[in-house]
Each structure stands twice: as C-alpha cells, then as structure tokens.
Amino acid sequence: MSESTAEKLVELAKRRGYFFPSAGAYGGVAGFYTFGPQGAALKQNVEDAWRERFAVREGHQEIDAPTVMPEPVFEASGHLDGFDDMLVECAECGESHRADHLIEDNTAIEEAESIAIEEVEELIDEHQLVCPSCGADLSGEPVDDFNLMFGTNIGPGDSSPGYLRPETAQGIFVEFPLLKEYARNQLPFGVTQIGKAYRNEISPRKSVIRTREFTQAELELFVDPEGEGPDLSRVEDVEVRLYPIGEQEDEEGELIETTIGEAVADGTLASPWIAYHLGIAQEWYERVGVDKSRFRFRQHLSGERAHYASDCWDAEAELDEDWIELAGFAYRGDYDLSKHAEHSDEDFTIFKQYDEPVTVERATVDPDMSYLGPEFGGQAQDVADALESLAEEDRSAFEGEDVTVDVDGEEYTVPVEKTDFSVDEVTESGEHITPHVVEPSFGVDRLLYTILDHAYAEDEVGGEERTYLSLDPEVAPTTVGVFPLMDKEGLGERARDLAAELRAAGLSVNYDDSGAIGRRYRRQDEIGTPFCVTVDYETLEDGTVTVRERDSTEQLRVPLEDLDETLTALSEGDLAFADVDGEPVEED
Ligand code: GAP
C-alpha cells in the first residue's frame, strides 16, 4: 500500500523539524506536540500574519490573559456543566473512545456530535461497533458525558479549584468591564488574543489536528445588536464556497459557489458580521497558503452548536479526503457578558448614548422600609428590590390595593400605599445595553498542518524524485538558503558574510555548507525555502551569485549589489522571479 500524504507529511515534519510528539525520551504522551525550529518559525509567521490582518488592520486591541482561571469563571461561562464529549469505555481493555467519532468512522453519518446520547448508544448497538484498540464488541456499553477541562488547584490545598482555559475567549470576556473603558465605551470594538488552550480530549488523533494543548487566535467583537453593521462593500466580491444547513440536510445537497455579497442578499448568511469575517478569512487563508479548491465554510447543524452560539459557520479544509475544522465563526449573542454579569458583581453593560435625549414615562417605587422591616425581617431588602423590578416590568401590578412579589419562590404581599409607587416623565440621554459578541476563532496548529499539506508536492528534477513544500514566502520559516559551492579558498567566508548581510536586512537565512550542492537544494526544498543563493568562484571574480527559485528550480546569475533588496521584493511578492534582472543558468 502506498504511503498517504498524511504519513509522508508526518515523517517529513519530524525529520525536518516541523513538529513531533513531545517528551519522546519518556515514551511521550498522546495529544502533546513540540514544534521544532522550522515549525516554531512557521507558527510565528502565521500568528504574525493573523495579527496583522485581524487585529492591526481592523483596529482591534490584543491582550494576553492567564491560561489558568478560577472555577467561578467556568461556572458562569457554562463550561463546567456543558463542555462535554461523549465517551464510551471498552469493558475488555479499558480504553476510552469518543462515541461520536466511532459512529462517524464506521457509518455513513457525518456529524454525530449533534446526536443525543441515547441515540448514540442505539447506533453503537445497531452497527455492532467494536473497540478500535482490542476489537471487543461495544454494544450495550453506556455512553457518558465527559468534561474536557483540565482541573487543578490554585495554591496549596483544594479550597481554590481552577481550570486550564479551554478557549482563550474567557480571558477576554471576564475583563470586559476594563476593556470597555479602554475602548472609551464605544461599540463596536474588538479584542484579540493568541495563546494556548487546553482540552482533555478523549482520543487525540491525526497528529497536531486534535491535541490536548493547542494554540488559538481569537477575536471577540463586541457589537450593538441594533447598531450599524460592518462595511460589506470591502468583501462583497470575495468568492466563497458555502455549505449551509439546507444543503447538508438534502441528500443531493452540494457546496454553493457564491460571493459574500450574493450570500448576504439571498439570506444564506444571516449575520452581516459573520459574513464580513468569512470574507476577510477567505482572503487571509488563501494568502497564507490554503488551497482555495480544498476549502469551504460549513454552517453548524442546530444540535452541533456550542452552548453559547445561536449561529456558527466553520472554515474547513480538505485533508486526505476528510474535511477538518480550521476555525469557527460564531454569533454568541449576549450569552457570555450576561452570564458573567449574573455571576459577578461587575457591570458588563455599555452605556449607549442616544443621538437626542428622549422623554419617557418611568414607573418607580420608594418602599417604606419602616413598614417592610418589621413585616418581612431579613427579607425586607429583597422584597424592596423585587418591587422595584416589578414596577419597571409591569406597572399594572400596582393598580389594586395590594401588590405581590416573588422572592426565591415565596410570595410577599405589600399594600401599594407602602411602596410610594409613581409614574413620572423623565428625560434620558441613553441606556445600558449588553453588547452582543461575534467571534471568529482560529485554531493555529490545524492551520499549520493544512498549510504544510496543501504545500506538499513531489516532482522530478534532473532524473531524481524531489519532495518540496511550496510555502508562501510570507510564512516560510526560512526565506533564503545561502551556500558556498564549497567551504574553501574564501568561498565559505564570503558566503557567511553574505548570510550575515541578508540577516541584517531582515531576511530569515539558513547557511549550509555540508554535502553536495544538490543535496543542500533538496534539504531547503523539503523545508520549503523559496530561494537559495550560491557563492562560487565567479562570485570572487565578478561579484555575482546564482539565485534559485524553489518551485521552478530556475536559476539566475545576479549581481551581489542590491541582492538584499531583490530578495526582499521577491519574498514580499513585489517582484516575480521571471522579472529579476539576471542571466539564466543551467538547472541543478
Ligand atoms: N472560542 C470558541 C472556540 O473555542 P472551537 O470551535 O471549540 O471554538 C476553535 O475552537 C478552533 O480551535 C477550532 O476551529 C480548531 O481549529 C481549534 N481546536 C479546537 N480543539 C482543538 C484540539 N483539540 N486540537 C487542535 N485544535 C483545536
């Protein structure tokens, strides 16, 4: 059986320093990966490109919050109760498996995550699914919810439980009371964060695609639900491939090739904010090297959405004939800010100033505490608060002689005359609103894998098979390989000086003088270095070098003078290799 691209890529990634399972010296542990020198540089370049597009260019601010947060944060966010996957344990070997993945892997069902637990148990029985580790029958085994958060104790003892954050988002939401001040209380405003997130995945798999520690790049955009939307003219012509719910539920359903503008006009994309971000994400993914023909946006089915989302679209990439989620674009509504307001003493609203002050009727109460105190004892203040809320919500409740309020399930009746109920005209300059959240949430590790997979290529050069990564120069870990033809007679020294000069000009350079020149080219091809420069005897005579382009393997003889500018222009896409001023040279 021939090796799959995934197998070849994982092997290349380890051999060339992109990524590999971590702590191998101690047997490793599933779900944790180390990015080697090439991988770490690629990751940095991709994160910088994300930051440039989604933070700087959009005018958003970036923060850096802790990865460990106290339990109340996750009580409020709903992760403690609702952040579960379905687990089935093999009675024979004790291995745990994700029940929905077993169904997806062994039946025609594509999105089993949205199926209820009872139905999942029935499907395991019906299809007589077996344990992937030992082959034992899993029929009849119970399927349970398993919470994905890693727990810990903050400080000695167990009085202060905490969790490793399962998404970077919560670090932004909990700081909203301060962040809104930094944004001068003006909506919309966005806050971004790039950092580690942790999930105790039941079965980590596919190398860096499903791990227990990974990097997210998230934008939380706070918007006024009744305010103006984004400027869609900036993205209306962007071509996208959409897979909405209707097409997924139709047996004959297919991807819709459209533009952002058309999809908003025909209602496929209901939220202009989501539409805007799908548009800029489409352009950005193409820019960093995702193959447009293996990329789509898929809308979440209703049972698949996270507990906080009212609509969600995933960016998905095709890898070895499987669609993998790269990012989610969720409309989180006011869920997060309302929950944190409910569970904390802070103000998670924004004061929205009206264009003109408005005069409205307001119903108010000023309860007589000298009556409520003796009458209701310790409950008096709660009764007073309940009267105040009731006056705002239902002034008709004060029309009779008595008014009744509910406090913690118990009814309290108060004579209306003791409430000092009145309706007055007041002029208001604005109101407090809870902003809605639009969240583009990108996984970095899966994107790195996709970039490598989509860049992976094989061809033949000089009668020999060649593997290369056709990485875009913006993200390639190394921009230029610099070689002396051999390390003698001053060639090595001249090449080392050149490497230092190019580094000083801001280029990422790999100097290599070991082995035959052809092998050095192959090494750079395999790590995806777009350009190589060779210093030879002619260099010492006439001050020229050969510059070779990775994908075409074409070589040109160019003067050293201004080489840094030429390479910078090439790597920034301002100059095509075919337009470089130089003499063609025979291929390697
Ligand atoms: N704040 C929203 C959120 O966390 P998510 O869809 O759960 O949404 C966002 O995660 C992205 O994080 C995913 O699209 C994926 O790229 C990445 N991701 C999630 N779980 C992952 C895992 N176990 N391993 C690697 N990447 C993961």
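First listed ligand is number 1; within each ligand, the first listed atom is number 1. This structure is a prediction, so every number in the text was calculated from the model and none was measured.
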(request) Identify, by atom number and element, the atoms of ligand 1 in contact range of Glu167, meaning under 4.0 Å from any of its heavy atoms. (result) 1 (N), 2 (C), 3 (C), 4 (O)
(request) Do me a favour and list the nearest non-hydrogen protein atom to atom 10 (O) of ligand 1 with residue, atom name and distance? (result) Gln216 NE2, 3.3 Å
(message) Quick check on the 6.0 Å ring-centre criterion: do Phe54 and His60 meet it?
(response) no
(request) Note the single closest protein heavy atom to atom 17 (C) of ligand 1, along with its residue, its atom name and the distance in Å. (result) Gly443 CA, 3.6 Å
(request) Distance to 0.1 Å, residue and atom name: give those for the protein heavy atom nearest to atom 26 (N) of ligand 1. (result) Arg446 NE, 3.4 Å
(request) Would you please classify the geometry between the Phe222 ring and the Phe189 ring as parallel, tilted or perpendicular, with 30° and 60° separating the classes? (result) tilted
(request) Answer yes if the ring centres of Phe32 and Phe214 are under 6.0 angstrom apart, and no otherwise. (result) no
(message) Heavy-atom pairs closer than 4.0 Å: do any link ligand 1 to the side chain of Arg212, the backbone, both, or neither?
(response) neither
(message) Quick test: of every protein heavy atom, which one is nearest to atom 25 (C) of ligand 1, and how far off is it to 0.1 Å?
(response) Ile209 O, 3.2 Å
(request) Could you check whether the rings of Phe19 and Tyr449 sit parallel, tilted or perpendicular, using 30° and 60° as the cut-offs? (result) tilted
(request) May I ask you to identify the nearest protein heavy atom to atom 18 (N) of ligand 1, giving residue, atom name and distance to one decimal place in Å? (result) Phe214 CE1, 3.5 Å
(message) Return the closest protein heavy atom for atom 6 (O) of ligand 1 as residue, atom name and distance.
(response) Glu325 OE2, 2.9 Å
(message) Checking a contact table here: which protein heavy atom is nearest atom 19 (C) of ligand 1, and how many Å away?
(response) Arg199 NH1, 3.4 Å
(message) Under a 4.0 angstrom heavy-atom cut-off, which atoms of ligand 1 come close to Glu218?
(response) 1 (N), 2 (C), 3 (C), 4 (O)
(message) What I want to find out is whether Lys292 reaches Glu239 closely enough, with some N-O distance under 4.0 Å, to be called a salt bridge.
(response) yes
(request) Report, in ascending order of atom number, the atoms of ligand 1 lying under 4.0 Å from any heavy atom of Ala327. (result) 14 (O)
(request) Please could you name the atoms of ligand 1 that Arg210 approaches to less than 4.0 Å, counting only its heavy atoms? (result) 23 (N), 24 (N)
(request) Establish, for the pair Arg298 and Trp313, whether the NZ or CZ atom is under 6.0 angstrom from the six-membered ring centre and no further than 45 degrees off its axis. (result) no
(request) Could you name the option among Thr211, Thr450, Ile172, Thr168 that has the heavy atom nearest to atom 24 (N) of ligand 1? (result) Thr211
(message) So is Lys206 touching ligand 1 or not, going by heavy atoms under 4.0 Å?
(response) no
(request) Hey, could you give me the CZ/CZ distance between Arg53 and Arg287, rounded to the nearest 0.5 Å? (result) 8.0 Å
(request) Flag yes if more than 12 heavy atoms outside Lys14 fall under 6.0 Å of its NZ atom; otherwise flag no. (result) no
(request) Applying ring pair (Phe, Tyr, Trp, His ring centres under 6.0 Å), run through Phe295 and Tyr285 and close with a yes or a no. (result) CA-CA 9 Å; Phe295 181 77; Tyr285 274 122; 5.0 Å; yes
(message) How long is the straight-line distance from CG of Leu447 back to NZ of Lys43, given to the nearest 0.5 Å?
(response) 11.5 Å
(request) Compare Glu439, Glu220, Arg205, Glu201 and give the one whose heavy atom is closest to atom 23 (N) of ligand 1. (result) Glu201
(message) Can you tell me how the ring of Trp273 sits relative to the ring of His277, calling it parallel under 30°, perpendicular over 60° and tilted otherwise?
(response) parallel
(request) For atom 16 (O) of ligand 1, grab the closest protein heavy atom and report residue, atom and distance to one decimal in Å. (result) Leu326 O, 2.9 Å
(message) Checking contacts here: is it the side chain or the backbone of Arg332 that comes within 4.0 Å of ligand 1, counting heavy atoms only? Could be both or neither.
(response) side chain
